[in-house]
Amino acid sequence: MATKEHRRFLEFADAVRRKRYVGLCFGAPGVGKTESARAYTRWDQLAPHLSGTRATGTDPTDAPVGEVLAARAVLYTPKVHSTPLHPDKEISYLCDRLGWTVELMLSTGRGGTDPTDSTSGRADHAELLIVDEADRLKTAALEQLRDHHDRTGIGLILIGMPGIGKRLARYPQLYSRVGFVHHYKPLSVDEQAFVLAHHWPHLRLDNTDDYATTEAVAAVTRIPNGNFHLTTRLVDQIERILEINQITTVTKEVVEAARENLVIGIM
């Protein structure tokens, strides 16, 4: 969903990638940070190529692969219990695989050698590294990231919760390299109403002439308070209630019934 915050994230990521700075992205849980990162890197399509579970692009005219590789970016999520050496090894592996995949795509059909062969050269095509859940990283792992950024010159984006900036400020060697900061904000009221009307059209929440619909939209907007994940879960519950009760109109009462089945934490 191309929301305003998603577009701002794309511009932010392009700037970090172009200038090869360290970028910091923070926001409350569920606002869409991870979704934007996955969309920017086209991770759902790229990850199987890098892991070897899908054959790398053997056809240079394969449009989806071409679009995927055009991002020149990798997404890394550190494990909860990982040693300081794990992030560096795993990130290096992902960047190497990206470079090999690009080289294979460029060389296939032109008599090129397999770039995964140790005897063939490999260009470093990774231009941006996005680290999601950066709050999990300890001091030693952050130092590994800083060293990787310095050695490779790759752009680096750290995604975390509000307050991650204050934490990183305690590490001046890394914080001094932060060139861009992006606060990923929740959906506005108008934008959330727009998303509801255009991305769940079967709910018919765009009928502003119907007072019951207007009430329902107001309730759906108020409950998630701009939280993208919670909005999606609430809509899923609404669809479930409509199906169980065999009704077609979303009302305030339907929304409130759906809300009772959700676990809503502190936002």
Side-chain angles (χ1 to χ4, degrees), residues 1-16 23-47 71 73 75-78 80 128 130-136 157-165 180-206 208 213-243 250 252 254-267:
M1 296 184 185
T3 63
K4 184 187 298 183
E5 285 302 312
H6 175 67
R7 292 186 183 278
R8 289 184 61 215
F9 180 88
L10 298 185
E11 295 170 357
F12 160 75
D14 281 338
V16 173
L24 187 60
C25 175
F26 65 92
V31 293
K33 304 183 298 296
T34 300
E35 283 77 7
S36 288
R38 295 184 73 90
Y40 184 87
T41 58
R42 297 172 175 85
W43 200 242
D44 291 336
Q45 294 79 30
L46 178 59
L75 176 64
Y76 174 71
T77 303
V80 177
L128 178 64
I130 301 179
V131 179
D132 195 15
E133 303 287 355
D135 309 84
R136 296 176 179 176
I157 292 178
L158 301 176
I159 298 179
M161 298 285 287
I164 189 174
F180 300 99
V181 177
H182 174 55
H183 181 191
Y184 207 113
K185 300 177 182 178
L187 297 172
S188 66
V189 173
D190 292 339
E191 191 170 21
Q192 194 163 9
F194 176 85
V195 168
L196 288 170
H198 288 77
H199 292 283
W200 288 285
H202 59 283
L203 297 180
R204 296 193 292 277
L205 293 174
D206 57 343
T208 56
T213 300
T214 302
E215 267 194 329
V217 171
V220 176
T221 303
R222 171 179 51 82
I223 293 170
N225 195 28
N227 187 292
F228 183 80
H229 280 179
L230 193 53
T231 299
T232 302
R233 287 162 49 201
L234 181 60
V235 169
D236 288 341
Q237 289 291 344
I238 290 173
E239 292 173 336
R240 174 173 168 267
I241 290 174
L242 292 177
E243 182 180 356
V250 181
K252 180 181 177 182
V254 170
V255 177
E256 292 295 340
R259 185 251 183 272
E260 293 178 358
N261 293 305
L262 292 181
V263 176
I264 301 176
I266 299 174
M267 295 185 296

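No hydrogens, no waters, no symmetry mates; every other heavy atom, side chains included, goes into these values.
- Here the rule is side chain to side chain contact (heavy atoms under 4.5 Å, CB included) with Leu75, and of Thr41, Val131, Leu46 only Thr41 fits it.
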Item to check | Audit row: Val235, Leu196, side chain to side chain contact (heavy atoms under 4.5 Å, CB included) steps and yes/no | outcome: CA-CA 9 Å; Val235 169; Leu196 288 170; 4.0 Å; yes
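- Atom CD1 of Ile241 and atom CZ of Arg259 lie 12.0 Å apart (nearest 0.5 Å).
- The two residues Pro29 and Asn227 come nearest to each other via the heavy atoms O-ND2, 2.7 Å.
- Taking each heavy atom of Thr77 and Glu133 in turn, the nearest pair found is CG2-CG, 3.9 Å.
- Taking each heavy atom of Gly27 and Pro162 in turn, the nearest pair found is O-CD, 3.1 Å.
- Atom NZ of residue Lys185 and atom OG1 of residue Thr3 lie 13.0 Å apart, to the nearest 0.5 angstrom.
- To the nearest 0.5 Å, atoms CD1 (Ile164) and CE (Met161) are separated by 10.0 Å.
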Next on the checklist: salt bridge (Lys or Arg N to Asp or Glu O under 4.0 Å) for Asp44 and Arg38? Distances and angles first, verdict last.
Outcome noted: CA-CA 7 Å; Asp44 291 336; Arg38 295 184 73 90; 2.6 Å; yes
Item to check | Tyr40 vs Leu128, side chain to side chain contact (heavy atoms under 4.5 Å, CB included): CA-CA, chis, key distance, verdict | outcome: CA-CA 10 Å; Tyr40 184 87; Leu128 178 64; 3.5 Å; yes
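- Looking at heavy atoms from C-beta onward, Lys33 lies out of side-chain contact with Asp132 at the 4.5 angstrom threshold.
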Checklist entry - Under the side chain to side chain contact (heavy atoms under 4.5 Å, CB included) criterion, do Val250 and Arg204 qualify, and how do the steps go? => result CA-CA 8 Å; Val250 181; Arg204 296 193 292 277; over 6 Å; no
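- Contact between Ile130 and Ala37 at its shortest, heavy atoms only, is CG2-CB, 4.0 Å.
- Note on ring orientation: taking the six-membered ring where Trp is involved, the planes of Phe180 and Phe12 are perpendicular (angle over 60°, cut-offs 30° and 60°).
- Of the inter-residue distances, the one linking Tyr184 atom OH with His6 atom NE2 reads 6.5 Å to the nearest 0.5 angstrom.
- In this structure, the separation between CG on Leu203 and CD on Glu239 is 5.5 Å, given to the nearest 0.5 Å.
- Between Val255 and Ala219, the shortest heavy-atom contact is CG1-CB, 3.7 Å.
- Salt bridge status for Arg222 with Glu215: absent, with no side-chain N to carboxylate O gap under 4.0 Å.
- Contact detail for Ala193 and Val217: the closest heavy-atom pair is CB-CG1, 4.1 Å.
- Atoms CD1 and CZ, on Ile157 and Phe9 in that order, are 5.0 Å from each other to the nearest 0.5 Å.
- A salt bridge links Glu5 to Arg8: at least one charged side-chain nitrogen sits closer than 4.0 Å to a carboxylate oxygen.
- No hydrogens or angles considered: a donor-acceptor pair under 3.5 Å links the side chains of Glu35 and His229.
- Not a single donor-acceptor pair under 3.5 Å links the side chain of His199 to the backbone N or O of Val195.
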Checklist entry - So Thr213 and Leu205, side chain to side chain contact (heavy atoms under 4.5 Å, CB included) or not? Walk me through it. => result CA-CA 6 Å; Thr213 300; Leu205 293 174; 4.2 Å; yes
